[in-house]
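Just below is one structure, and these are the notes that go with it.
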Amino acid sequence: MRPIKHAERGLTFVAGRLFNTIQFFNKYKPNPSFTPKWSDKPLLKSWQKSKPTLGWPRTTDSLCPQCVIEAREEIISGKREVTDLLNEKVGEIKAQIIERDGQIWMVKDCPIHGHIEDLMAIDSKFLTHIEAMFPGRDIPAHNDETLHNHGSSTIKYGRGAVLTVDLTNRCNMMCDPCFMDANQVGFVHELSMDDVKEILDNAISIKPRRQMSVQFSGGEPTISPHFIEAIRYSRKVGYNSVQAATNGIEFAKSKEFCRQAAEAGLRYVYLQFDGIGNDANAHRQVGNLFDVKLRAINNLHEAGVEIVLVTTLVNGINNDQVGSIIRFALENPKKIAFLSFQPVSFTGRDEEITPDRRMQQRYTLSHLAHDVKNQVGITEPTRDWFPLSLMGAFADFADLVHGPEAEWGQVSCGCHPNCGVGTAVMIDKELKEMRPVPEFLNIPNLVSDMRKITDAARSKWMSNLMMGLALLKHYNPYKSPSQFTLYELFKKFDKSFGLTGKDYGRVDGKRSKDDIEKRRSDRWNFLFIAGMWFQDLFNYDFRRTEMCIIPYGTQEGEISFCAYNTGIGWRNIIEHMHQNATVAKWYKEHGRHEVFAGGKDVPLNEKAHNMILNEVDIQRPNKPHMEGPKTAAEEMQMMRKLYQEMILKKNNIKADAPVQIKGLSRQKKSEEQEAVPVG
């Protein structure tokens with residue numbers, strides 16, 4: 001062990017004693033909260049933060065899946081007014097969140113459609129730990145009536161973190177599951193550049209004025225003709241982080257396209273990444289999809305864009321890939337900065353999933369925490385994982401230090417503790433030595449002391465001094481990577497929140513190639529492993545919706561991510577309201593865009609890459625095997641087969657004769673589903 005570790009240990013002991021001594025006096029007569037320029041309300045003290053009802057059993061407001069689908073169809077067909085969603089509780093029912101045999105379940109009953117239940121966590125102790133760490137809601141949204149007016153789905157708390165803007169509902173793939181049922185709805189909904197500008201301008205006009213990121217999504221955003229211009233405009237008006245949620249095909253095909261996006265200001269790509277090897281990506285129905293991902297990573301990194309791998313986890317399909325993807329990131333720390341695992345949400349093409357497949361494929365945040373431990377051998381689920389909203393405490397401290405004259409509030413993850421969780425690993429980019437951050441930094445106690453500093457609201461100098469002592473107090477140098485030092489710890493913290501004003505390389509719209517390289521020169525990669533679980537109609541909770549930090553920017557205001565994609569289905573309604581043309585008319589006027597499906601390969605100019613791959617992970621020795629249909633498409637094929645076998649043969653009709661299978665209606669499927677036991 002390096003001698004400096006012993007010196008650091010002694011320093012942490014002294015810092016702890018000094019912090020406690022100062023805090024003994026610091027807790028008396030805290031300064032009042034100031035009202036910053038970016039808000040019309042003062043910053044909240046920790047004791048002023050409200051919380052939704054947590055623990056169990058508890059009652060919440062939810063939705064009946066069948067009532068919602070029926071109501072949505074009536075609105076879209078014109079039989080019902082969209083204003084009903086603002087004035088009535090359409091499809092809403094009460095739900096109970098209960099503990100059963102060490103697991104957490106949501107159970108609810110619709111007076112029309114009967115009993116529904118779904119799994120919330122396989123480990124009640126894990127969810128107990130996560131909820132206990134929730135620091136409270138963010139500052140209430142205010143002066144926002146023009147954007148937040150969606151009845152029960154209205155966002156009520158927080159400043160948001162990532163504004164999602166769907167540039168188009170067109171896509172160059174045919175994935176299952178798909179949030180938006182891309183390429184399948186019969187019409188095109190695509191934003192004009194004027195639409196994009198209006199949405200972006202509106203989002204930064206309300207209070208609290210948020211230093212939000214903006215993520216362009218779809219469909220596939222890169223096939224929008226306004227993709228590059230939208231990035232450039234976002235940077236111009238003040239968004240410090242511009243992202244794209246993409247399958248990577250266009251980036252893999254063209255280095256020039258990557259260069260143009262980077263020069264326009266694209267900072268992050270949220271890259272769809274379901275596993276290691278083409279086999280792990282086979283359910284996406286593109287023959288060489290993994291090769292596409294590797295080329296996209298290489299091209300984007302070379303252009304100066306950072307990569308976040310985004311994995312939709314489906315139990316029985318690719319849940320074995322948690323460990324494989326983390327190992328991939330650990331082996332390639334200079335290129336992979338962030339992992340976002342997203343347990344499947346049964347919506348879009350999968351909204352009418354059968355109960356049997358839903359229970360087989362359901363994957364929760366507790367599954368993720370246990371899979372990281374079991375597949376990688378790091379982190380303890382009830383010790384090293386925290387709600388994403390815990391980051392709000394860090395944002396509160398940064399808001400204090402940046403002072404009342406700050407033009408923007410810090411990015412704050414104030415979501416419900418059931419929405420997202422995270423842990424982190426510190427990696428030496430040179431030696432590839434790594435340690436989970438909670439092993440050498442006591443996160444719960446650090447946050448507790450940090451909130452005391454924030455509540456006291458002293459000067460910037462005093463607050464930063466106290467924060468430095470708190471970091472020292474809760475740092476264990478013996479558990480950190482061998483080359484990691486206290487200096488690196490302070491540098492990481494300062495780099496993330498800009499507390500001292502030191503230049504680590506700009507991240508705003510004026511950043512240059514030199515700025516990018518300056519930030520990348522950091523020897524240490526803080527690899528954040530996050531789990532974000534978007535709701536579907538079976539586990540919907542309005543207490544989560546009203547705290548959403550990932551609002552969709554739309555032509556009808558800002559709507560919670562889950563309320564837009566699931567919930568009452570604002571996406572379906574708004575896209576119908578603002579559709580550009582039928583698919584047939586669009587193709588006639590604009591031509592067809594290429595779609596890669598049915599095992600078709602993406603043509604690549606170059607297949608070589610310099611990523612390090614684990615050969616064992618490519619072979620998938622623990623590949624899951626699920627019985628029965630695995631997708632909505634396979635379920636439909638099975639239904640057609642049953643129809644042919646049970647109806648056509650019975651009535652002596654030839655299978656190749658034209659038949660109307662409208663008998664497989666939602667109502668009949670609903671009756672069949674209710675006959676299948678759940679849970």
Side-chain angles (χ1 to χ4, degrees), residues 164-176 178-197 199-200 214-234 242-266 268-273 281 284-289 292-293 295-297 299-300 303 305 307 310 348-349 552-555 571 575 578-598 600-605:
T164 305
V165 180
D166 281 349
L167 296 179
T168 178
N169 72 340
R170 295 184 297 129
C171 188
N172 49 9
M173 286 177 62
M174 287 283 290
C175 299
D176 195 349
C178 174
F179 276 131
M180 69 179 307
D181 206 9
N183 294 335
Q184 292 289 292
V185 292
F187 61 84
V188 171
H189 174 261
E190 192 155 296
L191 299 181
S192 68
M193 195 57 215
D194 286 340
D195 291 330
V196 174
K197 289 179 178 179
I199 289 169
L200 294 174
V214 58
Q215 182 174 106
F216 292 113
S217 184
E220 173 53 43
T222 58
I223 66 175
S224 163
H226 309 300
F227 178 66
I228 300 296
E229 188 179 356
I231 296 170
R232 189 175 292 113
Y233 186 79
S234 301
V242 182
Q243 310 165 5
T246 176
N247 55 36
I249 289 176
E250 296 304 313
F251 292 117
K253 288 163 61 177
S254 171
K255 285 187 177 184
E256 175 60 20
F257 184 67
C258 295
R259 185 192 63 77
Q260 291 176 8
E263 289 183 353
L266 184 64
Y268 290 104
V269 153
Y270 274 59
L271 182 66
Q272 175 198 70
F273 195 89
N281 290 271
R284 298 287 184 181
Q285 300 297 310
V286 177
N288 63 339
L289 192 56
V292 169
K293 307 301 181 184
R295 279 309 313 162
I297 292 172
N299 291 351
L300 286 162
V305 180
I307 295 101
V310 182
R349 284 198 258 282
Y552 264 88
T554 79
Q555 291 144 309
R571 173 193 289 282
E575 289 186 348
H578 296 278
Q579 60 180 280
N580 303 75
T582 63
V583 169
K585 184 178 179 182
W586 181 273
Y587 285 163
K588 184 177 180 179
E589 295 178 358
H590 302 276
R592 292 175 177 267
H593 65 273
E594 191 170 19
V595 175
F596 299 93
K600 182 179 179 180
D601 281 1
V602 175
L604 299 175
N605 294 328

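Not a single donor-acceptor pair under 3.5 Å links the side chain of Glu220 to the backbone N or O of Met173. Side-chain atoms of Asn169 come within 3.5 Å of backbone N or O of His189 as a donor-acceptor pair.
Once rounded to the nearest 0.5 Å, the distance linking NE2 of His578 with OG of Ser192 reads 11.5 Å. Atoms OG and OH, on Ser217 and Tyr552 in that order, are 5.0 Å from each other to the nearest 0.5 Å. Atom-to-atom distance recorded for Leu266:CG and Ile228:CD1 is 7.5 Å, nearest 0.5 angstrom. We find the CG-CD distance between Asp195 and Gln555 to be 4.5 Å, quoted to the nearest 0.5 Å. With rounding to the nearest 0.5 angstrom, the CZ atom of Arg295 is 10.0 Å from the CG atom of Leu300. In this structure, CE in Met193 is found 9.0 Å from OG in Ser224, a value given to the nearest 0.5 Å.
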One pair to check against side chain to side chain contact (heavy atoms under 4.5 Å, CB included): Tyr587 and His593. What are the steps and the verdict? CA-CA 8 Å; Tyr587 285 163; His593 65 273; 4.1 Å; yes

Before giving the answer on side chain to side chain contact (heavy atoms under 4.5 Å, CB included), spell out for Leu167 and His226 the whole-Å C-alpha distance, their side-chain angles and the decisive distance to 0.1 Å. CA-CA 8 Å; Leu167 296 179; His226 309 300; 5.6 Å; no

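Looking at residues two or more places apart in sequence or on another chain, you find a ring pair (Phe, Tyr, Trp, His ring centres under 6.0 Å) between Phe257 and Phe227, Phe251. With sequence neighbours excluded, the residues satisfying side chain to side chain donor-acceptor pair (under 3.5 Å) with Glu256 are Arg259, Gln260. With sequence neighbours excluded, no residue forms a ring pair (Phe, Tyr, Trp, His ring centres under 6.0 Å) with Phe216. Residues meeting the side chain to side chain donor-acceptor pair (under 3.5 Å) test with Glu190, sequence neighbours left out: Thr168, Arg170. By the salt bridge (Lys or Arg N to Asp or Glu O under 4.0 Å) test, Lys600 pairs with Glu594, sequence neighbours left out.
Taking 4.5 Å as the limit, some side-chain heavy atom of Leu191 sits within range of a side-chain heavy atom of Ile199. A 4.5 Å side-chain heavy-atom check between Leu289 and Gln272 finds at least one atom pair inside the cut-off. Looking only at side-chain heavy atoms (C-beta outward), Val286 and Asn281 stay at 4.5 Å or farther from each other. The closest side-chain heavy-atom distance from Asp166 to Arg571 is below 4.5 Å.
The salt bridge (charged side-chain N to carboxylate O under 4.0 Å, His left out) analysis of residues 244-253, with sequence neighbours excluded, yields the pairs Glu250-Lys253.
Listed here is the closest heavy atom pair of Asn299 and Cys258: CB-SG, 3.6 Å. Here the shortest heavy-atom pairing between Gly219 and Cys171 reads CA-CB, 4.1 Å. Summarising the geometry of Gly248 relative to Leu271, their closest heavy-atom pair is CA-CD1, 3.6 Å, with the distance given to 0.1 Å. Ser234 and Val242 make their closest contact through CB-CG2, 3.7 Å (heavy atoms, listed as atom of the first residue, atom of the second, distance). Scanning both residues, Phe187 and Glu575, for their nearest heavy atoms gives CE1-O, 3.5 Å. Nearest heavy-atom pair, Ile249 versus Asn247, reported as atom, atom and distance to 0.1 Å: N-OD1, 3.0 Å.
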